[in-house]
Amino acid sequence: MKTIVSVSMITLMLASCRTLTSTTYIKANDGFILGNNEHGAFTVKLKNISKNELKLWKAPIGGGQHSPIVVASNESVNVKVAKNTALKINNDHNEEAAVELYVKGDTGLSMGYKN
């Protein structure tokens, strides 16, 4: 029985340490939403690799948005996102934007674009 418990604990620890990496492109005057579904908490290290600043918002899936963060060109930020809350990345410029994302925690996140 000890072996089963140990294997289960290791499996749970590995599942909680999942990561996701991505370079994401966002069209001009568009946005990207990460986690607009039911999920656990996660953290994002985001680097803005585009020419213009981007604005981030935390958005609970029940509605609303809060905690705006402005990310300058070539700036990196770390964002903790609560359970059942999305991270919105807005590109309010007339040029395509790109971000490097490193996500840790719950990685069963929906991902999509918005206009």
Side-chain angles (χ1 to χ4, degrees):
M1 185 66 174
K2 260 188 172 178
T3 304
I4 293 173
V5 173
S6 296
V7 171
S8 295
M9 289 181 70
I10 291 170
T11 302
L12 287 172
M13 288 171 38
L14 289 173
S16 67
C17 294
R18 290 183 274 181
T19 60
L20 170 94
T21 57
S22 171
T23 298
T24 302
Y25 296 89
I26 306 167
K27 292 180 184 176
N29 298 304
D30 202 357
F32 182 77
I33 304 173
L34 179 63
N36 197 24
N37 62 313
E38 290 188 13
H39 58 76
F42 62 97
T43 59
V44 178
K45 180 178 180 181
L46 178 146
K47 182 175 183 181
N48 179 0
I49 56 173
S50 52
K51 293 181 190 177
N52 297 305
E53 68 183 26
L54 300 172
K55 190 175 242 182
L56 311 180
W57 293 91
K58 294 179 184 177
I61 61 173
Q65 62 184 23
H66 61 85
S67 305
I69 302 168
V70 176
V71 184
S73 177
N74 291 314
E75 181 181 13
S76 294
V77 295
N78 291 306
V79 183
K80 292 182 182 179
V81 183
K83 175 180 175 180
N84 297 330
T85 300
L87 181 66
K88 291 182 174 182
I89 306 167
N90 290 334
N91 175 16
D92 297 326
H93 301 280
N94 292 324
E95 296 179 16
E96 182 178 71
V99 292
E100 292 176 346
L101 300 173
Y102 177 76
V103 181
K104 188 172 179 182
D106 189 342
T107 56
L109 307 169
S110 69
M111 298 177 211
Y113 292 91
K114 68 165 192 82
N115 287 334

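Residues take their numbers from the sequence shown, with the count starting at 1. Because the structure is a prediction, the values reported are computed rather than measured.
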Enquirer: Can you list the residues that meet the side chain to side chain donor-acceptor pair (under 3.5 Å) rule with Asn90, with sequence neighbours excluded?
Expert: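 For Asn90, the residues satisfying side chain to side chain donor-acceptor pair (under 3.5 Å) (neighbours in sequence not counted) are Lys114.
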Enquirer: With side chain to side chain contact (heavy atoms under 4.5 Å, CB included) as the test, would you mind laying out the steps for Leu87 and Leu109 before giving the verdict?
Expert: CA-CA 10 Å; Leu87 181 66; Leu109 307 169; over 6 Å; no
Enquirer: Indicate if Tyr113 and Trp57 have the same hydrophobic cluster label, given that clusters are the connected sets of ILVMFWY residues with side-chain heavy-atom separations under 4.5 angstrom.
Expert: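 Each belongs to a different hydrophobic cluster.
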Enquirer: Using the test side chain to side chain donor-acceptor pair (under 3.5 Å), find all partners of Gln65 that sit at least two apart in sequence or belong to another chain.
Expert: Lys88
Enquirer: For Gly35, is there any backbone N or O sitting under 3.5 Å from a side-chain donor or acceptor partner on Asp106?
Expert: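 No; zero donor-acceptor contacts below 3.5 Å.
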Enquirer: Would you give me the side-chain donor-acceptor pairs under 3.5 Å for residues 92-100, sequence neighbours excluded?
Expert:
{"from": "His93", "atom 1": "NE2", "to": "Glu53", "atom 2": "O", "distance (Å)": "3.0"}
{"from": "Asn94", "atom 1": "OD1", "to": "Asn29", "atom 2": "ND2", "distance (Å)": "2.9"}

Enquirer: Group every Ile, Leu, Val, Met, Phe, Trp and Tyr by side-chain heavy-atom contacts under 4.5 Å, then state whether Leu56 and Met111 land in the same group.
Expert: yes
Enquirer: If you look only at distance, which donor and acceptor atoms sit under 3.5 Å apart when one is on a side chain in residues 70-80 and the other is two or more places apart or in another chain?
Expert:
{"from": "Ser73", "atom 1": "OG", "to": "Ser50", "atom 2": "O", "distance (Å)": "2.6"}
{"from": "Glu75", "atom 1": "OE1", "to": "Ala72", "atom 2": "N", "distance (Å)": "2.7"}

Enquirer: Taking the side chain as every heavy atom from C-beta outward, state whether Ile61 and Asn36 have any atom pair closer than 4.5 Å.
Expert: yes
Enquirer: Would the distance check show the side chain of Asn84 and the main-chain N or O of His39 forming a donor-acceptor pair, the cut-off being under 3.5 Å?
Expert: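 Yes, because the side chain of Asn84 sits within donor-acceptor range (under 3.5 Å) of the backbone of His39.
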Enquirer: Do Ile49 and Ile89 sit in one hydrophobic cluster, given that two such residues count as connected whenever their side-chain heavy atoms are within less than 4.5 Å of each other, even indirectly?
Expert: no
Enquirer: Output all residues satisfying side-chain contact (heavy atoms from CB on, under 4.5 Å) with Ser67, sequence neighbours left out; order by chain, then residue number.
Expert: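 Listed in chain order: Lys58.
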Enquirer: Rounded to the nearest 0.5 Å, how far apart are CG of Leu54 and CZ of Phe32?
Expert: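 Taking CG in Leu54 and CZ in Phe32, the distance rounds to 12.5 Å.
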Enquirer: Under 3.5 Å, which donor-acceptor pairs link side chains of residues 20-28 to any protein atom two or more places apart or in another chain?
Expert:
{"from": "Ser22", "atom 1": "OG", "to": "Thr24", "atom 2": "OG1", "distance (Å)": "2.9"}

Enquirer: Which residue in the set Thr107, Val81, Thr85, Thr19 passes side chain to side chain contact (heavy atoms under 4.5 Å, CB included) when paired with Phe42?
Expert: Val81
